[in-house]
Amino acid sequence: MCGIVGYVGRRSAVDVVIDGLRRLEYRGYDSAGVALVADGPEGGLEVDKRAGKLANLEGALADHPLPESFCGIGHTRWATHGVPSDRNAHPHLSADGRVALIHNGIIENFAQLRAELESEGVEFESDTDTEAAAHLLGREYAVDGDLTEAMTRVCVRLEGAFTLLAVAADDPDTVVGARRNSPLVVGLGEGEYFLASDVAAFIAYTTDAVELGQDQIVTIDRDGVTVRGFDGQASEGTPFSVDWDIAAAEKGGFDTFMRKEIHEQPAAVADTLRGRIDESGQIVLDEVRMSDQDFRDIDKVFIIACGTSYHAGLVTKYAIEHWTRIPCEVELASEFRYRDPVLDRSTLVVAISQSGETMDTLMAVRHAKDQKARVLSISNTVGSTIPRESDAVLYTRAGIEVAVASTKAFLTQLAACYLVGLHLAQVRGIKYADEVSAVLDELVAAPGKIAKVIEDLEPVRQMARDCASAQRVLFIGRHVGYPVALEGALKLKELAYLHAEGFAAGELKHGPISLIEEGTPVIAIVPSPRGRSLLHDKIISNIQEVKARGAKVIAVCEEGDRITKAHADLVITTPASPTLLAPLLTAVPLQEFAAELATALGRDIDQPRNLAKSVTVE
Ligand code: F6R
């Protein structure tokens, strides 16, 4: 939610900052702005900010270039307080115009601060929460002309979640940042330093980075980086090296990031599995601050997550309960802490979050920890807040996911969740030992099967184009096909802005079947006809029910499933797979279906309206 970049060095600051914003635009694209400190003894702040996507700002800067500068900050916004407009775009200036500030997060006590400042005669120019912090910072900076000291005094007055970056008119060599509950990383170049919400912003210049901790203030100038706590005491961040390069943050020949990321799924799943199963067939977690006995003492599992990650959690429930026989609940993170869940030391909470920064999930994790539950997180972002606050972590290795709609993150979450389920089963004693070892073999074979699904997507694209004029598209599934149906509908909603809903197939007759009209597309996720044939029989009945009411049925079924072929209007086939692992295959055509239908409707599939990739507000 909001992307921020700061730079000090020898390059043109506007070029570095705009380049960084381009790579952070996935975090929000309601407006964009920059503030540069002009080089030379006079200094002075140069600000430009525009509503709309970054391209608007780039156009304005091309028409009216800013003076040369080697120090600056930039922001791409996902609006919380105040509509997307030039006025509400960041940076915001202090009343005296001497400091410029950008912000990611929400300052919860902004109304009180604003009232206080207004009573002292300060006039506000925007509707944002951020502007109050800009005025406070300007006031403190005026005291001693030290931006770091001023930021320290301001931060202790702020409540909520924030990453702040600031520059001052008369200091062309310094950017100061502060972080609480929102991400901020430092990039270390040679004689140049970067601050950003995400390493993607500076990956073109350096792979050496420092992750900042909670309640830290960082100052970069041409000589280096200093870190202190909100209490003013010297502190340190955690150095790390980024293990992917600029090519991963580019489209690599695809027309969109989403299509590139769909194609990266076989490699991403293979990477996520690699090295996680040791020679004795035991699952290896990354960081574990829990003993085997702690795992054995678990008598209940809660999975908490949002959006697509929640759908990965729903699939995992089926796997964990089957493999471990431990009761498992899946809960939307945004609801979890508000309903007083029953948690104790013997509860394992599995938090799934691609970004590792989703505020709803983070707050649910903190609530779980307050109740003494153990937390195991699954995340794609090394060192992000949720893994850092968890007792154990398994990282997905999807690489950077730029498209706002999650694809490879989802599949790698599934792979990691299966590993967690199997780890729990192994530590506690396996009930279905033969099945579990067969599942491990099938998991390792999954990337090859996903690649096969991706090779065969052309018919799916045609089906999607044919559905472009539909009023709505319904998705139905049973067992693990149900969360896949939910995920297919979410992808279509977010990309195509079309009414799409996923249902447990058996629920249709309890109400939603009335949505079906002549020609309504219904996508049915059909389980394997082998093994659990009862499940297969039931969904064939559901297909017949909707067909009888005029639906056009597209079935996603296993290769060679003749029964489904006989009942559906169209079929999309996937290679054979054990039922519990099938979502790794059946989700893929639904991603492509949504992308293609949205493209046919002229939507921007990498940056759908109103969304942002990293949701760092509650
Ligand atoms: C949908 C999507 C979102 C995220 C959700 C959680 O395509 O990407 O629904 O899954 O915002 O994000 P993370 O996993 O970062 O916590």
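Atoms within a ligand are numbered from 1 in the order they appear, just like the ligands themselves.
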Student: Determine whether the aromatic ring centres of residues Phe336 and Phe302 are separated by less than 6.0 angstrom.
Tutor: yes
Student: Any idea which of Ala351, Ala333, Ser355 brings a heavy atom closest to atom 15 (O) of ligand 1?
Tutor: Ser355
Student: Write out the residue and atom name of the closest protein heavy atom to atom 4 (C) of ligand 1, then the distance separating them to 0.1 Å.
Tutor: Thr308 N, 4.0 Å
Student: What do you reckon, does Thr358 have a nitrogen or oxygen under 3.5 Å from a nitrogen or oxygen of ligand 1?
Tutor: yes
Student: Identify the protein heavy atom lying closest to atom 11 (O) of ligand 1, giving its residue, its atom name and the separation to 0.1 Å.
Tutor: Val615 CG2, 4.0 Å
Student: Scan Asp198, Ile400, Ile246 and name whichever one has a side chain to side chain contact (heavy atoms under 4.5 Å, CB included) with Ile203.
Tutor: Ile246
Student: Could you tell me if the ring centre of His263 sits under 6.0 Å from that of Phe254?
Tutor: yes
Student: Closer than 4.0 Å to some heavy atom of Ala405 - which atoms of ligand 1 meet that?
Tutor: 7 (O)
Student: Which ligand 1 atoms, with their elements, are less than 4.0 angstrom from a heavy-atom of Gln354?
Tutor: 13 (P), 14 (O), 15 (O), 16 (O)
Student: Considering only non-hydrogen protein atoms, determine which one is nearest to atom 6 (C) of ligand 1 and report residue, atom name and distance to 0.1 Å.
Tutor: Cys306 O, 3.4 Å
Student: Report the relative orientation of the aromatic rings in His479 and Tyr318; use parallel for angles under 30°, tilted for 30 to 60°, perpendicular for over 60°.
Tutor: tilted
Student: Just checking, is any N or O donor in the side chain of Glu401 or Asn380 under 3.5 Å from an acceptor N or O on the other one?
Tutor: no
Student: Please indicate whether Asp370 has more than 12 foreign heavy atoms, meaning atoms of other residues, nucleotides or ligands, lying under 6.0 Å from its CG.
Tutor: yes
Student: Look at atom 8 (O) of ligand 1 and find which of Ser406, Pro608, Gly307 reaches it with the closest heavy atom.
Tutor: Ser406
Student: Within a 6.0 Å radius of atom CD on Gln471, are there more than 12 heavy atoms belonging to other residues, nucleotides or ligands?
Tutor: no
Student: Between Lys491 and ligand 1, which part of the residue brings a heavy atom under 4.0 Å of the ligand: side chain, backbone, both or neither?
Tutor: side chain
Student: For atom 7 (O) of ligand 1, what is the closest protein heavy atom, and at what distance to 0.1 Å?
Tutor: Glu494 OE2, 2.5 Å
Student: Should you measure from each heavy atom of Val404, which atoms of ligand 1 turn up under 4.0 Å away?
Tutor: 8 (O)
Student: Is there a donor-acceptor contact under 3.5 Å from the side chain of Ser241 to the main chain of Asp208?
Tutor: no
